[in-house]
Amino acid sequence: MSAPSETTDEGRVVLDARDIARALTRISHEILERNKGPEDLVLLGIPTRGVGLAHRIADRIAVTEGITVPVGALDVTLYRDDLRQHPARGPQRTEVPPGGIDGRTVVLVDDVLYSGRTVRSALDAMSDLGRPAAVRLAVLVDRGHRELPIRADHVGKNLPSARTERVMVRLEEYDDHDEVRIAGTPGSDTTGTDTTGGTEGS
Amino acid sequence: MKKHLLSIDDLSLDDMDTLFATAAEMHDVQRREVKKLPALRGRTIINLFFEDSTRTRSSFEIAGKWLSADTINITGKGSSASKGESLRDTVLTITAMGVDAVVMRHSASGSALQVSQWVDASVINAGDGTHEHPSQALLDAYTLQRRLGTLEGKRVLLVGDLTHSRVFRSNVKCLTRLGAEVTVVAPPTLMPSGVDAWSREAGFATSYDLDEVLPQADAVMMLRVQRERMSGGFFPSAREYTVGYGLTRDRLAVLGPDVPICHPGPMNRGLEIAADAADAAQSLVLDQVSAGLAVRMSILYHLLAGEGASS
């Protein structure tokens, strides 16, 4: 494996395993702080990697609070507004934890926040499952370039990127190791994100 | 996946896996309070049924509606077809209204293929004569796979009026492709001509003796005796057919309580299947109906949702 700062065809590592662990610990604490405890929380991961991240956050909350927060998966494929622009892709699992989401505080968990369209689809998908009291968004990486007025509540890392670049999140559960890489050439539209990071109520 | 679904031959093994995986997700939607997905919003599907049908037509209609497509039903009776309009003119008229898919059933074998050559829309064969009924075969295989875990190496019996059965033709292709060991059972008069050559090529067995093969079965699929398609006497009496090939109470006892029983419906109770068997705990007849909806949602989604789908 390459050293953290090394640049290869695969791009450079912007978060290594320890960075990811720290970011998730911080997000877990932020979620608890914002919710004033783990009561009525439900974590819904957006497949694929959002589900793994949601489980990790739940594990950390369990260690801190001694309470296991329900975790589910929310597939958004069938709710996407760009279905006709790509070959039809099979939906993945949607699993709502027992007890549902009605009246709960749902934290959507995804790996990368980019255009915001996935989150929009997720909000639509959720409205077919129930009516949460509140919905929050936690992401490991916010790379900017929003196309919709959507902002994350909890962000692992704000990562200024160009549209021409690719951000790749790898997690042990799916890829054998943890890291976030950015690859490709930074184009002229490197904006930096105008997301001021979504830590707590900003 | 191809644009049309005319035959099981249009699907690769990967396509089937994809369809089944999506169907499993669609199955979960049926348990939700809101049974609606926006995937096919703005698409129009015509159900064109020139032959009677309850479950296939309503299944395709609900499947389309739950995916937010606009669905319209046209039946042979009451349409211009009954005034003497040709199939071609009927189909061209309808598709000129800008439909994305035609789900069609017709008494002529090959009619779906013919229609697919006339129109831009996707054509889904919902039964063409005695040729094929691919969505039924897919839902049968999906139902059995869910019950048995896998079809690989499982011995499946298809019993009944094979000559007139499009379900049998599609099912043999689908089940053998998925690794099942298929045996087809029928009286000699209802065994299709040329079945020997086909069975050697496709790798399934034939039998004229139900009692001989029944004890080894992992699943039994009974087929309807299609009296409406029979021009002559294919068996001396209903009683004699039941004695030789019906799934009677005695045969149910031989089968044991764990072997699933399927029937594509409608059932002739007391003829090919006894009420005891149709209503037994191991009967999957109603499971087939709900699975049918999920599988048809999956078919419509994969044919119509993505890039390149007709619009």
Side-chain angles (χ1 to χ4, degrees), chain A residues 42 44-51 70-104 106 108 115-133 135 147-148 150 174, chain B residues 1-5 11-44 63-69 100-101 122 124 138 142 294-311:
Chain A
V42 174
L44 285 184
I46 298 176
T48 308
R49 286 170 183 75
V51 180
V71 180
L74 181 69
D75 183 62
V76 303
T77 311
L78 299 163
Y79 293 83
R80 295 198 67 96
D81 58 8
D82 58 356
L83 273 176
R84 292 192 197 188
Q85 289 161 23
H86 306 282
R89 197 176 66 169
Q92 298 183 55
R93 285 220 73 72
T94 288
E95 273 170 39
V96 181
I101 57 170
D102 282 343
R104 310 284 186 102
V106 173
L108 285 174
S115 66
R117 287 176 189 271
T118 301
V119 177
R120 186 212 60 79
S121 313
L123 293 172
D124 273 359
M126 221 176 341
S127 67
D128 283 351
L129 299 175
R131 187 183 180 281
V135 182
E147 292 165 10
L148 296 167
I150 282 170
Y174 314 97
Chain B
M1 215 164 291
K2 288 186 179 175
K3 179 179 177 180
H4 307 292
L5 178 57
L11 300 171
S12 67
L13 206 50
D14 278 350
D15 290 339
M16 284 189 201
D17 285 343
T18 304
L19 284 173
F20 290 166
T22 302
E25 299 310 311
M26 301 296 186
H27 223 135
D28 287 345
V29 172
Q30 293 178 27
R31 286 194 280 273
R32 290 191 196 168
E33 208 166 308
V34 181
K35 301 176 182 63
K36 196 94 170 168
L37 297 164
L40 296 185
R41 202 162 44 200
R43 303 274 173 162
T44 307
K65 284 191 189 325
W66 282 1
L67 288 168
S68 300
D100 299 292
S122 288
I124 297 166
L138 289 166
Y142 171 79
V295 167
R296 286 174 179 128
M297 286 175 82
S298 173
I299 292 169
L300 291 175
Y301 170 71
H302 281 286
L303 291 191
L304 295 181
E307 179 194 32
S310 59
S311 56

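As the structure is a prediction and not an experimental result, all values here were calculated from the model. Per chain, numbering begins at 1; letters A, B, ... match sequence-line order.
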Would you please go through residues 14-22 of chain B and name the residues with a non-hydrogen atom below 4.5 Å from one of chain A, in numerical order?
B:T22
Please output the residues of residues 32-40 of chain B in contact with chain A, using a heavy-atom cutoff of under 4.5 Å, in numerical order.
B:R32, B:V34, B:K36, B:L37, B:P38, B:A39
Atom OH of B:Y301 and atom CG of A:L83: how far apart are they, to the nearest 0.5 Å?
5.0 Å
From A:R89 atom CZ to B:H302 atom NE2, the distance as rounded to the nearest 0.5 Å:
11.0 Å
Looking only at A:G90, A:P87, A:A125, most heavy-atom pairs under 4.5 Å shared with chain B are made by A:P87
Which portion of B:M26 sits near chain A, non-hydrogen atoms under 4.5 angstrom
side chain
Only counting residues at least two apart or in another chain, list the ones meeting ring pair (Phe, Tyr, Trp, His ring centres under 6.0 Å) with B:H27.
B:Y142
Could you give the side-chain donor-acceptor pairs of residues 93-102 of chain A under 3.5 Å, partners two or more places apart or in another chain?
| unit_1 | atom_1 | unit_2 | atom_2 | d |
| --- | --- | --- | --- | --- |
| A:R93 | NE | A:E95 | OE2 | 3.0 |
| A:R93 | NH1 | B:E25 | OE2 | 2.9 |
| A:R93 | NH2 | B:D28 | OD2 | 2.5 |
| A:T94 | OG1 | A:D75 | N | 3.0 |
| A:D102 | OD1 | A:R131 | N | 2.6 |

